[in-house]
Amino acid sequence: AVYRGEYRKALTTTDKLIELWSAENNKTHLAEVYASRARIKQDLLRDSIGAKTELATAYKYEESADQNFYIALYPYYISVGDFQKARELAVSKLSVIFPQLGKIVDAYADYHARNYGSAIKLFEGLASPGHEDLYLMAKCYAATEQPDRALGTVDHLRSSYGSAFGATWRRALADPKSYYLAGSIYEMTGDKKKSIQNYQKFLELWQNADHDIPELRDAKKRLAILIK
């Protein structure tokens, strides 16, 4: 569902997990799933009030939580722009299994501050950037008018499957949107044909996506202009 841009459907699937873990009184898994729901509502559905409710529920189970809770939690803080809290979790809770996570948080902070050059240096220094990291790195290259590097990073993203925890989820978030990003980069370089091809591929993948996702609406608008 996430790969197809059906974010509301993805959230609905977690209802069954809550029902299952509640029946088993599995507080460890409940902590993780509520943290994941907070990220979905904040980052994907732009429902900040609902996200805060999910977050509060997640923290009720923190005493029973394992590292998966914090893996699901730190992206929430990135999505709300609380990079200090995200960095705190990266260093205090996840540094043993993800030693480069602190640098990733710093790169995201630089990107959101529009310090693209600094973000690029941090991303380039990562031993094994994830799919979302590669997507953001490509956006940094595009923002600094380096289309060849941006497109090369997009190709790297699409060919990378990843082996870290959550790689499938992160790939589902970034891979389809890479066609939207490539379309915009080709549009920037004046390659109308490849821009159209990438926008069309993106819209094909997201033909059943939630209608109010900004990238979806923008791709439709841009494609309509290009094919006139």
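Keep in mind that this is a model prediction, so the values were computed, not measured.
- Hydrophobic side-chain contacts under 4.5 Å tie I49 to no other Ile, Leu, Val, Met, Phe, Trp or Tyr residue.
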Enumerate donor-acceptor pairs with a distance under 3.5 Å from any side-chain N or O in residues 55-63 to protein atoms, sequence neighbours excluded.
unit_1 : atom_1 : unit_2 : atom_2 : d
T57    : OG1    : T53    : O      : 3.1
Y59    : OH     : Y77    : OH     : 2.8
E62    : OE2    : Y70    : OH     : 2.9

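- In this structure, the salt bridge (Lys or Arg N to Asp or Glu O under 4.0 Å) partners of D106, at least two apart in sequence or on a different chain, are R87.
- Side-chain atoms of Q100 come within 3.5 Å of backbone N or O of S128 as a donor-acceptor pair.
- Every residue two or more places apart in sequence or in another chain that forms a salt bridge (Lys or Arg N to Asp or Glu O under 4.0 Å) with K177 is listed here: E215.
- Atom CG of L101 sits about 9.5 Å away from atom CG of L126, to the nearest 0.5 Å.
- Annotation: the span from N68 atom CG to L73 atom CG amounts to 12.0 Å, rounded to 0.5 Å.
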Between D175 and Y135, does a side chain to side chain donor-acceptor pair (under 3.5 Å) hold up when you go through it step by step?
CA-CA 8 Å; D175 188 90; Y135 184 79; over 6 Å; no
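- Each side chain to side chain donor-acceptor pair (under 3.5 Å) pair with one or both residues in residues 22-31, not counting sequence neighbours, would appear here, but there are none.
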Begin from the C-alpha positions of V2 and Y7 and carry the test side chain to side chain contact (heavy atoms under 4.5 Å, CB included) through to its verdict.
CA-CA 6 Å; V2 171; Y7 296 151; 4.1 Å; yes
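- Legend: residues meeting side chain to side chain donor-acceptor pair (under 3.5 Å) with Y141, ordered by chain and number and at least two apart, are E124.
- The side chain to side chain donor-acceptor pair (under 3.5 Å) test applied to Y76 returns no partner, not counting sequence neighbours.
- In this structure, K121 has no salt bridge (Lys or Arg N to Asp or Glu O under 4.0 Å) partners at least two apart in sequence or on a different chain.
- With sequence neighbours excluded, the residues forming a side chain to side chain contact (heavy atoms under 4.5 Å, CB included) with A1 are R4, E6, K9, A10, listed by chain and number.
- Residues F69 and K93 are not in side-chain contact: their nearest non-hydrogen atoms beyond the backbone lie 4.5 Å or more apart.
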Distance-only check: which donor-acceptor pairs under 3.5 Å involve side-chain atoms of residues 186-194, not counting sequence neighbours?
unit_1 : atom_1 : unit_2 : atom_2 : d
E187   : OE1    : Y199   : OH     : 2.7
E187   : OE1    : R222   : NH1    : 3.1
E187   : OE2    : R222   : NH1    : 3.4
T189   : OG1    : Y186   : O      : 2.9
D191   : OD1    : K194   : N      : 3.2
K192   : NZ     : L226   : O      : 3.0

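- Using a cutoff of 4.0 Å between basic side-chain nitrogens and carboxylate oxygens, K16 and E19 are not scored as salt-bridged.
- Partners of Y3 under the ring pair (Phe, Tyr, Trp, His ring centres under 6.0 Å) rule, at least two apart in sequence or in another chain, do not exist in this structure.
- Partners of H156 under the ring pair (Phe, Tyr, Trp, His ring centres under 6.0 Å) rule, at least two apart in sequence or in another chain, do not exist in this structure.
- By the 6.0 Å contact criterion, CZ on R46 is enclosed, its count of non-hydrogen atoms from other residues, nucleotides or ligands being greater than 12.
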